Amino acid sequence: MKKHITIILILFTILGYSQDSKTKELLISGNNAFQKNDFENARKHYSEIIKIDSINKDAIFNLAITELNLGNKNKSCELLQKSYKLQDSGVAKLIKEHCGEIEYNENMFYQDTDEMPKFKIDNNVYDLITDKGINPILFEKLSARAKKSKVLRRIKGRKIFVIFKIDKDGNFDSRTTGKNTSKEIDNEIKEIFREITEYIPCQYQNKDVGMWNGFALPINLK
């Protein structure tokens, strides 16, 4: 088990967080101590970072793994749950392996929820995402409505990408990407998605939950 945990820790190094020199120094010292199986000193260094920066993802995750190596499972699980709340998708597997269930959050990664989002048309409820991607029923309605849009007709024959989410109240939000997009197109896509159907959010522990990560949908405007 320690070998597995160590590999995870090595990958979780300084990756683009804005940290002052003291924090960086402590993180390096903590990682060095961890690699030498000196978990007491590793814990000391990571704890010092958290005193400086209470939401430092690197330190929280690394301290969680250190506590696990020291046999402090409850403390480790507390830190892993905190790491998840800070949108660290990589801890979900560790929580399930060592701690049981992920604690409920108003927003979660959709792959960790009990039920994916759905949509409703004529009082019928459908899965928003199927094995083949976005539900064909919804996509057909989207395509039919898009053909009536003067804004979208101007980019006929071009492809755009839409990344969309459903919040815990069932509200739709999205952003378009690609060289063919613009603010006007982005707003039009949002309006069409919101117009064509009613959305039902993800479910976790029988509660509505929003999405941190979104679904990517390529749209070829024919």
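Bear in mind that the values here come from a model prediction, so they are computed numbers and not experimental data. One is the number of the first residue; the rest follow in order along the sequence.
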Exercise for the section: Give a yes or no on whether K22 atom NZ has more than 12 heavy-atom contacts from other residues, nucleotides or ligands under 6.0 Å away. Expected result: no
Exercise for the section: Taking ring-ring contact (aromatic ring centres under 6.0 Å, His included) as the test, write out the residues that go with Y104, two or more places apart. Expected result: none
Practice task
Locate the shortest heavy-atom distance separating K147 from R153; write the atom from each residue and the value.
Solution key: O-NH1, 3.1 Å
Fill in the blank from the handout: Here the pair of heavy atoms bringing V162 nearest to S174 is CG1-CB, 3.8 Å
Exercise for the section: Indicate yes or no for a side-chain donor-acceptor contact from K120 to the backbone of I200 under 3.5 Å, with no hydrogens or angles considered. Expected result: no
Completion exercise
Heavy-atom nearest pair, Q87 first then K57, reads O-NZ, 4.3 Å
Handout entry: Residue of the set E106, M108, K168 for which side-chain contact (heavy atoms from CB on, under 4.5 Å) holds with V209
Key = M108
Handout entry: Qualifying residues under side-chain hydrogen bond (donor to acceptor under 3.5 Å, both in side chains), relative to Q111, sequence neighbours excluded
Key = N213
Problem - Single-linkage hydrophobic cluster, 4.5 Å side-chain cutoff, V125 and F139 together - result: no
Handout entry: Test item: T181 side-chain N/O and T177 main-chain N/O as donor-acceptor pair under 3.5 Å
Key = no
Problem - Residue list, salt bridge (charged side-chain N to carboxylate O under 4.0 Å, His left out) with K73, at least two apart or on another chain - result: none
Handout entry: side chain to side chain contact (heavy atoms under 4.5 Å, CB included) between I219 and K159, worked out
Key = CA-CA 6 Å; I219 298 178; K159 182 181 287 187; over 6 Å; no
Fill in the blank from the handout: Sorted by chain and residue number, the side chain to side chain contact (heavy atoms under 4.5 Å, CB included) partners of T197 (sequence neighbours excluded) come out as F119, I121, L138, Y199
Handout entry: Gap between atom CD1 of I55 and atom CG of D53 - 0.5 Å precision
Key = 6.0 Å
Exercise for the section: Determine whether more than 12 heavy atoms belonging to other residues, nucleotides or ligands lie under 6.0 Å from atom CG of N206. Expected result: no
Handout entry: Any F61 side-chain heavy atom under 4.5 Å of I65 side chain
Key = yes
Handout entry: Qualifying disulfide bond (SG atoms under 2.5 Å apart) pairs, either residue in residues 38-123, two or more places apart
Key = C77-C99
Practice task
List the atom of I137, the atom of N135, and the distance in Å for their closest heavy-atom pair.
Solution key: N-OD1, 2.9 Å
Exercise for the section: Taking E188 for its side chain and V151 for its backbone only, find out whether a donor-acceptor pair lies under 3.5 Å. Expected result: no
Handout entry: Pairs touching residues 144-165 that satisfy ring-ring contact (aromatic ring centres under 6.0 Å, His included), sequence neighbours left out
Key = F164-F172, F164-F193, F164-F215
Handout entry: Any donor-acceptor N/O pair, T66 side chain to N62 backbone, under 3.5 Å
Key = yes
Handout entry: Y46 (side chain) donor-acceptor with N31 (main chain) under 3.5 angstrom
Key = yes
Problem - Residue pair L63, S47: steps toward the side chain to side chain contact (heavy atoms under 4.5 Å, CB included) verdict - result: CA-CA 7 Å; L63 182 57; S47 296; 3.8 Å; yes
Exercise for the section: Dump the intermediate steps for side chain to side chain contact (heavy atoms under 4.5 Å, CB included) on E48 and H45, then the final yes or no. Expected result: CA-CA 5 Å; E48 284 297 318; H45 293 308; 5.7 Å; no
Practice task
Measure the CD-CG distance between E40 and N69 for me, rounded to the nearest 0.5 Å.
Solution key: 11.5 Å
Problem - Any I192 side-chain heavy atom under 4.5 Å of L152 side chain - result: yes
Fill in the blank from the handout: For I163, the other hydrophobic cluster members (4.5 Å side-chain criterion, sorted by chain and number) are none
Exercise for the section: Please report the shortest heavy-atom distance between A33 and A42, naming the atom on each side. Expected result: CB-N, 3.7 Å
Problem - Minimum side-chain heavy-atom gap L27-T23 below 4.5 Å - result: no
Exercise for the section: Keeping the roles fixed (side chain from S76, backbone from A64), state whether a donor-acceptor pair exists under 3.5 Å. Expected result: yes
Handout entry: Side chains of L128 and M116 in contact at under 4.5 Å (non-hydrogen atoms)
Key = no
Handout entry: Check: D169 side chain, N171 main-chain N or O, donor-acceptor pair, under 3.5 Å
Key = no
Handout entry: N/O donor-acceptor pair under 3.5 Å between Y204 side chain and I102 backbone
Key = yes
Fill in the blank from the handout: Note: P201 and D167 closest approach over all heavy atoms is CB-O, 3.3 Å
Problem - Whether T113 side chain and Y110 backbone form a donor-acceptor pair below 3.5 Å - result: yes
Completion exercise
dist Q205:CD -> N105:CG (nearest 0.5 Å) comes out at 9.5 Å
Handout entry: Residue K190 excluded, over 12 heavy atoms near NZ under 6.0 Å
Key = yes
Fill in the blank from the handout: The complete set of salt bridge (charged side-chain N to carboxylate O under 4.0 Å, His left out) pairs with one or both residues in residues 171-180, sequence neighbours excluded, reads D173-R194
Practice task
With sequence neighbours left out, write down each residue that passes side-chain hydrogen bond (donor to acceptor under 3.5 Å, both in side chains) with K36, or none if nothing qualifies.
Solution key: none
Fill in the blank from the handout: For R154, the side-chain hydrogen bond (donor to acceptor under 3.5 Å, both in side chains) test, sequence neighbours excluded, returns E184
Completion exercise
Distance col, row K118:NZ vs N124:CG, nearest 0.5 angstrom, shows 13.0 Å
Problem - Residues in side-chain hydrogen bond (donor to acceptor under 3.5 Å, both in side chains) contact with D114, at least two apart in sequence or another chain - result: none
Handout entry: NZ/K75: more than 12 non-hydrogen atoms of other groups inside 6.0 Å
Key = no
Problem - Test side chain to side chain contact (heavy atoms under 4.5 Å, CB included) applied to N187 - qualifying residues, sequence neighbours left out - result: K183
Practice task
With the side chain counted from C-beta on, respond yes when I28 and E25 share a heavy-atom pair under 4.5 Å apart, and no when they do not.
Solution key: no
Handout entry: Between CD1 on residue I160 and CD1 on residue I185, distance to nearest 0.5 Å
Key = 6.0 Å
Practice task
Look up atom CZ in F39 and atom CG in N72, then write down how far apart they are to the nearest 0.5 Å.
Solution key: 12.0 Å
